[in-house]
Amino acid sequence: MEYQRPNHVETPEEQARVQHSEWHYLKIFVVVVVAIVLVAAISFGVQVSKSMGELAHERPAAAPAQTAQKTAAPATPSPAPATAASDAAQPAPAAATASAAKAPAAASTTAFAPPAADAIPEGPMGDVVRRGEQIFLHTSTQAKAFVGNTLNCVNCHLDAGRAAHSAPLWGAYTQYPAYRSKTKSVDTFSERLRGCFMYSMNGKAPPHGDEVLVALEAYAYWMSKGAPVGEKLPGAGYPKVAKPAQVPDYARGQKVFNAQCALCHGDDGQGQRSGDVQVFPPLWGKHSYNWGAGMHEVDKATGFIKANMPLGKGNTLSDQDAWDVATYINSHERPQDPRFTGNIADTRKRFHDSEFSLYGQTVNGQQLGRGAP
């Protein structure tokens, strides 16, 4: 048995050793705890980083899905499948943005639909609209006092002024008032109509406020209901046809005319009549439009012919054929320009200084602009 001294008192050296030992164990404990915390923190950080990476990777695919759904919503009731948007990945947002940016332009290309002919209302306003329709269809008889040839408005503005690409009424009415280089002034729609009587109808302008003008303007107003004011609509006016590879030629145009136009307009271009009704209009000569009409300009005639002729077979002629036959038609004499100054060269310089006007030019040895006999 080991002998122990009772009531042993530790010496200072022994106490120092004990304190040192306890401090050593405490440091070890702290180091272990810190190590555990660091390991846990690193592990947590890696997991968070991985989750964030997955989230960031998924987010671009999710955005196109939402964009595609929002873009498609106006067109179709059902949203686009998310899988299709995910497959699109990065290109999808750009495509969706481009589609959204182009949306207004796409809307503006929608053809305007005028009211149906049987939708003219009853009552005093409807009566004036119907009067305007009759003048438009039968101008040479319904507005005889202001017409100097056998043409009717509908000859150049097809389908009672409804047909696109034949200067429809709904494409013109909302563009006025407007500055016109032809008159060098701001014209109202009524003043534009007065010009039609002077040039296209080879007649005289009705007085301001005349019932003929009021009726035609009422008809144009009714035809244009719902059309945006001041915006040029698709199908308004006549289309522009690019210049052909070959310079337009009279001889080639005559061949096109004989093959495609003479059946309705006659070999002599004087059209066809049935009693007092001009079934097909004359294209030159004293009964046609005069040298001041817009249709005498070859580029405008080309656009009309290309889009609308032969009747019922628009856009079947080649651009070259359209230019050639327009040149042939407008190389014939017609009634004098009402603005004639007494001198062809001076009149050309003042009113026909254009590559598309044959007024004052010499064709087949004859100077044009002398007026139809």
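- A donor-acceptor pair under 3.5 Å is absent between the side-chain atoms of Q320 and the main chain of P248, judged by distance alone.
- No side-chain donor-acceptor contact under 3.5 Å links D159 to the backbone of R162.
- The closest side-chain heavy-atom distance from H287 to Q278 is not below 4.5 Å.
- Taking every heavy atom of both residues into account, L151 and S200 meet most closely at CD1-O, 3.5 Å.
- Rounding to the nearest 0.5 Å gives a distance of 11.5 Å between CZ of R194 and NZ of K204.
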Start with the C-alpha distance between C261 and F280, add both sets of side-chain angles, then the distance that settles side-chain contact (heavy atoms from CB on, under 4.5 Å), and finish with yes or no.
CA-CA 11 Å; C261 313; F280 296 105; over 6 Å; no
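- The environment of L137 atom CG is dense: over 12 non-hydrogen atoms of other residues, nucleotides or ligands sit within 6.0 angstrom.
- A 4.5 Å side-chain heavy-atom check between E355 and K243 finds at least one atom pair inside the cut-off.
- Contact between L317 and P310 at its shortest, heavy atoms only, is CG-CD, 4.3 Å.
- At a threshold of 4.5 Å between non-hydrogen side-chain atoms, the residues H265 and P281 count as touching.
- Counting heavy atoms from C-beta outward, Y328 and V256 have side chains that stay 4.5 Å or more apart.
- For the atom pair SG (C153) and CG (L193), the distance works out to 8.0 Å, reported to the nearest 0.5 Å.
- Using bins of under 30°, 30° to 60° and over 60° for the plane-to-plane angle, the ring pair F112/W170 lands in the tilted bin.
- Other residues, nucleotides and ligands place no more than 12 heavy atoms under 6.0 Å from the NZ atom of K255.
- The aromatic rings of H296 and H352 sit perpendicular, their planes meeting at an angle over 60°, well past the 30° parallel limit.
- In this structure a side-chain-to-backbone donor-acceptor pair under 3.5 Å is missing from R334 to W291.
- Y199 and M295 are not part of a single hydrophobic cluster, where members link through side-chain heavy atoms under 4.5 Å apart.
- Judged purely by atom type and a 3.5 angstrom limit, D324 uses its side chain to pair as donor or acceptor with the backbone of D249.
- Side-chain contact between C196 and F146 is absent, with no heavy-atom pair separated by less than 4.5 Å.
- Proximity of a side-chain donor or acceptor of N308 to a complementary backbone N or O of H165 within less than 3.5 Å is detected.
- V247 is not connected to V298 by any chain of hydrophobic side-chain contacts under 4.5 Å among Ile, Leu, Val, Met, Phe, Trp and Tyr, and they are in different clusters.
- The OG1 atom of T139 sits 7.5 Å away from atom CG of N155, with the distance rounded to the nearest 0.5 Å.
- Note on I120: it clusters hydrophobically with M125, by side-chain heavy-atom contacts below 4.5 Å among ILVMFWY residues.
- Note that the CD1 atom of I305 and the CD1 atom of I329 stand 4.0 Å from one another [nearest 0.5 Å].
- D299 places no side-chain N or O within 3.5 Å of a backbone atom of V241 that could act as its donor or acceptor partner.
- Side-chain contact between E217 and L213 is absent, with no heavy atoms from C-beta onward closer than 4.5 Å.
- Between the Q361 side chain and the S331 main chain, no donor and acceptor come within less than 3.5 Å of each other.
- A distance-only check finds a donor-acceptor pair linking the side chain of E191 to the backbone of T188 [under 3.5 Å].
- Around the CD atom of Q367, the shell of radius 6.0 Å holds more than 12 heavy atoms that belong to other residues, nucleotides or ligands.
- Taking each heavy atom of N258 and A262 in turn, the nearest pair found is O-CB, 3.9 Å.
- Taking both residues in full, the closest heavy atoms of A143 and F197 are given as CB-CE2, 4.0 Å, listed atom of the first, atom of the second, then distance.
- Side-chain atoms of R339 and M198, non-hydrogen and from C-beta on, never get closer than 4.5 Å to each other.
- Each of V214 and I135 belongs to its own hydrophobic cluster when Ile, Leu, Val, Met, Phe, Trp and Tyr are linked at side-chain heavy-atom distances under 4.5 angstrom.
- Not a single donor-acceptor pair under 3.5 Å links the side chain of N152 to the backbone N or O of V154.
- Expressed to the nearest 0.5 Å, how far CD1 of I344 lies from CD of Q336 amounts to 6.5 Å.
- In this structure, the side chains of N315 and K306 come closer than 4.5 Å at one or more pairs of heavy atoms.
- Not a single donor-acceptor pair under 3.5 Å links the side chain of T302 to the backbone N or O of A326.
- Around atom OH of Y221, no more than 12 heavy atoms belonging to other residues, nucleotides or ligands sit under 6.0 Å away.
- There is a side-chain donor-acceptor pair under 3.5 Å between T347 and T341.
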Evaluate side-chain contact (heavy atoms from CB on, under 4.5 Å) for W284 paired with Q270, printing each intermediate quantity in order.
CA-CA 7 Å; W284 60 79; Q270 297 310 294; 3.6 Å; yes
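- Side chain to side chain, T183 and S185 meet the donor-acceptor criterion of an N or O pair below 3.5 Å.
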Go through the steps to decide whether D276 and T141 satisfy the test side-chain contact (heavy atoms from CB on, under 4.5 Å), and finish with yes or no.
CA-CA 9 Å; D276 293 333; T141 57; 5.5 Å; no
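- Closest of all the heavy-atom pairs between G237 and P168 is N-CD, 3.9 Å.
- In this structure, W222 has its ring center no closer than 6.0 Å to that of Y173.
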Would you check, one step at a time, whether the test side-chain contact (heavy atoms from CB on, under 4.5 Å) holds for E333 with L368?
CA-CA 6 Å; E333 199 56 84; L368 299 174; 4.2 Å; yes
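- With hydrophobic clusters built from ILVMFWY side chains whose heavy atoms lie under 4.5 angstrom apart, Y289 shares a cluster with L358.
- Taking all atoms of both residues into account, the shortest heavy-atom contact from V129 to Y219 is O-CD1, 3.8 Å.
- Inspection of the Y359 and E297 side chains reveals no N or O donor paired with an N or O acceptor under 3.5 Å.
- With respect to R130 and D127, a salt bridge is recorded, a charged nitrogen being found less than 4.0 Å from a carboxylate O.
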